[in-house]
Trainee: 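Pasting a structure here, questions to come.
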Amino acid sequence: QVDVTAMARLFGYVDVTDSGFITAVLSIAFNPLFWNVVARWEHKTRALSRVFGSPHAACYCLGAVILMLNCVRSHCFTEAMKNQPKLEGLDCHWAYYSGLAILAVGTLFVISSFLALGFTGTFLGDYFGILMEAKVTSFPFNVLDNPMYWGSTAVYLGWSLMHASPAGLLLTAVVAISYTIAMLYEG
């Protein structure tokens, strides 16, 4: 038997019908869907490579679009948190500094993943035919699978705790679910 009282309490603090919350959910779900669909389309057709004149130029342009979409997603996430009530039990120093530590670890995983993979490795270069010489097995890939996804999720979790935001915690769960689906699709 599952105790759902904590989840019920969390939903009591979150207005899931708020337009900002809905926009955040949609932007969270859209991003991995977008990049996976476009990357697979490119892999099958090479259309972006032809339009941009080379696979590298096409990959860099897709990467720039993904970065912009991530900025939009983060903005929507933050705005959704700001427009919803705080959870009094989390509005304290220990939660703030715990969130800051989680955010720092998440940032470490994201940045170290990017440095290990490079731009084209991070932004789906393999779908453009840009292959790495060998599988990356150094940090953070020797610590966990998909460190970019889990690091990004940790960043949102830390940000939510720092803002004592039940809406942020729920949106972080949406991030984790979206990335889990993306990992299944990509695998």
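Quantities reported herein were computed from a predicted structural model and do not represent experimental measurements.
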Trainee: Judged by atom type as modelled, is there a donor-acceptor pair below 3.5 Å linking the side chain of S112 to the main-chain atoms of L108?
Mentor: yes
Trainee: Working to the nearest 0.5 Å, report the span between CD1 of I181 and CG of L33.
Mentor: 10.0 Å
Trainee: Which of these, T107, I111, V105, sits in a side-chain contact (heavy atoms from CB on, under 4.5 Å) with F109?
Mentor: V105
Trainee: Does V72 share a hydrophobic cluster with V155, counting links as ILVMFWY side-chain heavy atoms below 4.5 Å and allowing steps through other members?
Mentor: no
Trainee: Quick check against the 3.5 Å criterion: does S27 have a side-chain atom that pairs as donor or acceptor with the backbone of A24?
Mentor: yes
Trainee: In terms of hydrophobic clusters joined by side-chain contacts under 4.5 Å, are F34 and L26 together?
Mentor: no
Trainee: May I ask you to test the M148-F141 pair for a side-chain heavy-atom distance under 4.5 Å?
Mentor: no
Trainee: Mind checking the OG-CG spacing from S165 to L170? Nearest 0.5 Å is all I need.
Mentor: 9.5 Å
Trainee: Would you say the side-chain atoms of H163 pair up with the backbone N or O of W159, donor to acceptor, closer than 3.5 Å?
Mentor: yes
Trainee: Enter the distance from L48:CG to S54:OG here, rounded to the nearest 0.5 Å.
Mentor: 11.0 Å
Trainee: Quick one: do the D15 and Q84 side chains pair a donor with an acceptor below 3.5 Å?
Mentor: no
Trainee: Shortest non-hydrogen contact from H43 to R46?
Mentor: CA-NH1, 3.6 Å
Trainee: Evaluate the side-chain contact (heavy atoms from CB on, under 4.5 Å) criterion for residues F21 and L171: first the C-alpha distance (whole Å), next the side-chain angles of each, then the deciding distance (0.1 Å), finally the verdict.
Mentor: CA-CA 8 Å; F21 185 86; L171 289 170; 3.6 Å; yes
Trainee: Between the side chain of N31 and the main-chain N/O of L69, is any donor-acceptor distance below 3.5 Å?
Mentor: yes
Trainee: Is the backbone of G125 close enough, under 3.5 Å, to the side chain of T120 for a donor and an acceptor to pair up by distance?
Mentor: no
Trainee: Please report the interatomic distance CD1(I28) to CG(N70), rounded to the nearest 0.5 Å.
Mentor: 11.0 Å
Trainee: Between Y179 and E186, does the side chain to side chain donor-acceptor pair (under 3.5 Å) criterion hold? Intermediate values first, please.
Mentor: CA-CA 10 Å; Y179 281 158; E186 292 169 8; over 6 Å; no
Trainee: Could you report the tightest heavy-atom contact between M132 and A116, atom names first, then the distance?
Mentor: CE-O, 3.8 Å
Trainee: Got a second to check how far C59's SG is from F52's CZ, nearest 0.5 Å?
Mentor: 11.0 Å
Trainee: Treating Ile, Leu, Val, Met, Phe, Trp and Tyr as nodes and any side-chain heavy-atom pair under 4.5 angstrom as an edge, say whether M183 and L117 lie in one connected cluster.
Mentor: no
Trainee: Cluster question for you: counting only ILVMFWY and a side-chain heavy-atom cut-off of under 4.5 Å, with indirect links fine, are M68 and F77 together?
Mentor: yes
Trainee: Please confirm whether the backbone N or O of L87 pairs with a side-chain atom of D91, one donor and one acceptor, at under 3.5 Å?
Mentor: no
Trainee: Any sub-3.5 Å donor-acceptor pair from R73's side-chain atoms to V25's backbone N or O?
Mentor: no
Trainee: Return yes if some donor-acceptor pair links the side-chain N/O of N146 with the main-chain N/O of Y149 below 3.5 Å, else return no.
Mentor: no
Trainee: Rounded to the nearest 0.5 Å, how far does OH of Y156 lie from CG of L161?
Mentor: 15.0 Å
Trainee: Apply the test ring-ring contact (aromatic ring centres under 6.0 Å, His included) to residues F128 and Y60: give CA-CA distance (whole Å), side-chain angles for both, the deciding distance (0.1 Å), then the verdict.
Mentor: CA-CA 10 Å; F128 292 82; Y60 277 99; 9.8 Å; no
Trainee: If we count only N and O atoms by modelled type, under 3.5 Å, do the side chains of T172 and S160 hold a donor and an acceptor together?
Mentor: yes
Trainee: Please evaluate residues T153 and L157 with respect to the criterion side-chain contact (heavy atoms from CB on, under 4.5 Å), reporting the C-alpha separation (whole Å), side-chain torsions for both, the decisive distance (0.1 Å), and the verdict.
Mentor: CA-CA 6 Å; T153 303; L157 175 60; 5.6 Å; no
Trainee: Indicate the atoms forming the closest heavy-atom contact of Y185 with R40, along with that distance.
Mentor: O-NH2, 2.7 Å
Trainee: Show the nearest heavy-atom pair for residues R50 and T45, with the distance to one decimal.
Mentor: NH1-O, 2.7 Å
Trainee: Specify the closest pair of heavy atoms between W35 and L124, including all atoms of both residues, with the distance to one decimal.
Mentor: O-CD1, 3.6 Å
Trainee: For D145, is the CG atom crowded, meaning more than 12 foreign heavy atoms sit under 6.0 Å from it?
Mentor: no
Trainee: Above 12 or not: heavy atoms from other molecules or residues under 6.0 Å from CZ of F139?
Mentor: yes
Trainee: Do S98 and W94 make a side-chain contact, defined as non-hydrogen atoms from C-beta onward lying under 4.5 Å apart?
Mentor: yes
Trainee: Hey, can you tell me if F114 and F119 have their rings parallel, tilted or perpendicular (30° and 60° cut-offs)?
Mentor: perpendicular
Trainee: For the residue pair I102 and A154, what are the closest heavy atoms and their distance?
Mentor: CG2-O, 3.3 Å
Trainee: When you group the ILVMFWY residues by side-chain heavy-atom contacts below 4.5 Å and let the links chain together, are M81 and I177 in the same group?
Mentor: no
Trainee: Would you mind reporting whether T180 and W150 have side-chain heavy atoms less than 4.5 Å apart?
Mentor: yes
